[in-house]
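Everything below concerns the one structure shown next.
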Amino acid sequence: MKKQEILVTDSVFSELDYYLKKIGVKRLLLVCGESFSSLAISKSFETIEKRIGVKIVKFSNYKPNPTYDSVVEGVKIFRQNNCDTIMAAGGGSAMDVAKCIKLFSNMDASVNYIEQKITPNDVNLIALPTTAGSGSEATRYAVIYYNGEKQSIADESCIPSCVLMDASVLKTLPLYQKKSTMLDALCHSMESFWSVNSTEESKQYSREAIQLMMKYKNAYLANEAIGNTAMLKAANIAGKAINITQTTAGHAMCYKLTSLYGIAHGHAAALCNAALWPYMAQHMEKCIDPRGKDYLEDLFLETASAMGCGSIEEALTRYQSILAELGMDAPIMKNVSDLEVLTESVNPARLRNNPVRLDKETLRYLYKLILNIN
């Protein structure tokens, strides 16, 4: 993976000006949501052409779970305005759209982009994450929807070459969203640690991200600048970890919880891992990591150590106490049929990264734990 440049900016955003001048940007496509105008940095973009001669072309015509058609429109605008650089300012949707515009920008517009082979290009992609959680700015993955069907796009060349970290963007986030996105980053780090695809590099990223979150969690929740900056860094580092390993069962299990009960993605992932991690620690005989159950136990111990704990049991207690402190309770089951809906929703392919074998019966058991069903 190409080294990613990290810019930690201040209220005058001089770091961005310097970077744009350094790489010779003339026309920049700014992919952002309507809420971008409420951020302090948006005022900087209003005068950037006068300051450093960079023309800004704004593209906001997309929604959460962005569609292929939105990306096609973005590619057209990018080409029509002869843009040379793309900047994504927002959460996962902005990142997904911007990544796909970059990947599709040099393809044949007369053929469906999804059906074409990706050829890397030299279009600059800059990311300004407005939440500290998804880590999308550090991964090769993007998701868009074509005819209602989810399309996963993956290529190393869509990883942004530069990330702008502006702590002020987190100050106005609702507290629940701050908690949920932090938990998403924590789950990324934990799951990457124990993924069957973990490497020494990914484990170092996981360790560093968890340690940052544990150290600055309270400052982040108190909306202090030092805590917000640290959490942006932690989410980015956790993203680098899952870029290597991908996520495991905790994420595979969480998506239907989100859609059924309307809880945030990070909240759902955290609840799943609260049931999953103890189960795995107690069923090492089901280990499917080719490195063996002793190695997996060491990974759990390393995860615990990163959390500042001396044992797996202490770390499990610490993890549960964090969820309790944050008030991240489990939803109440609405219908008896929900249990089967949840169990059937898990994509078996997403379980291949999990170090402990999980079958349908086990998934049903875990969902009962998550929902506090006797």
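These figures come from a predicted structure and were not determined experimentally. This chain uses plain numbering: 1 for the first residue, then up along the sequence.
More than 12 heavy-atom neighbours from other residues, nucleotides or ligands sit within 6.0 angstrom of NZ on K22. Heavy atoms of other residues, nucleotides or ligands lying less than 6.0 angstrom from NZ of K217 number more than 12. Counted within 6.0 Å of OH on Y18, heavy atoms from surrounding residues, nucleotides or ligands total 12 or fewer; the atom is thus considered open.
Taking the charged nitrogens against the carboxylate oxygens, K293 and E285 have no contact shorter than 4.0 Å, which rules out a salt bridge. Checked for salt-bridge contact, K233 and E208 miss the test: no charged N lies under 4.0 Å from a carboxylate O. Using a cut-off of 4.0 Å between Lys/Arg side-chain N and Asp/Glu carboxylate O, E361 and R364 are scored as not salt-bridged.
Aromatic ring orientation, Y279 versus H283: parallel (interplanar angle below 30°, classes split at 30° and 60°). Below 30°, between 30° and 60°, or above 60°: for F104 and Y113 the angle between ring planes is below 30°, a parallel geometry.
Residues D338 and Y367 have side chains that never bring a donor and an acceptor to within less than 3.5 angstrom of each other. Between the side chains of R350 and T247, at least one donor N or O sits under 3.5 Å from an acceptor N or O. There is no side-chain donor-acceptor pair under 3.5 Å between S195 and S198. Side-chain contact annotation: N82 with R27, donor-acceptor N/O pair under 3.5 Å absent. Between N243 and Y205, the side chains place no donor N or O within less than 3.5 Å of an acceptor N or O (distance only, hydrogens not considered). With no hydrogens or angles considered, no side-chain donor-acceptor pair links S14 and D17 at under 3.5 Å. Side chains of Q246 and N197: a donor-acceptor N/O pair is absent below 3.5 angstrom, by distance only. No donor-acceptor contact under 3.5 angstrom links the side chains of N335 and S337, judged on distance only. Remark: the W194 side chain and the T303 side chain contain no N/O donor-acceptor pair separated by less than 3.5 Å.
Of the possible polar contacts, one joining the S206 side chain to the S202 backbone as a donor-acceptor pair under 3.5 Å is found.
Applying side-chain hydrogen bond (donor to acceptor under 3.5 Å, both in side chains) to H265 and the options T258, D184, T181 leaves one that passes, D184.
Between F45 and F13, the ring center distance fails the sub-6.0 Å criterion.
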List the steps, then state whether side-chain hydrogen bond (donor to acceptor under 3.5 Å, both in side chains) holds for Q4 with N236. CA-CA 10 Å; Q4 190 175 64; N236 176 262; 3.2 Å; yes
Evaluate K171 against N228 for side-chain hydrogen bond (donor to acceptor under 3.5 Å, both in side chains), listing each step before the verdict. CA-CA 8 Å; K171 291 185 75 172; N228 287 339; over 6 Å; no
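Residues T67 and I144 come closest through the heavy atom pair C-CB, 4.4 Å. Residues C100 and V71 share a closest heavy-atom pair of CB-CG1, 3.6 Å.
To the nearest 0.5 angstrom, L20 atom CG is 5.0 Å from I52 atom CD1.
Both tests hold for K178 against Y220: distance to the six-membered ring centre under 6.0 Å, angle to the ring axis within 45°. Seen from the ring of F78, K58 does not count as a face-on cation partner, given the 6.0 Å and 45° thresholds.
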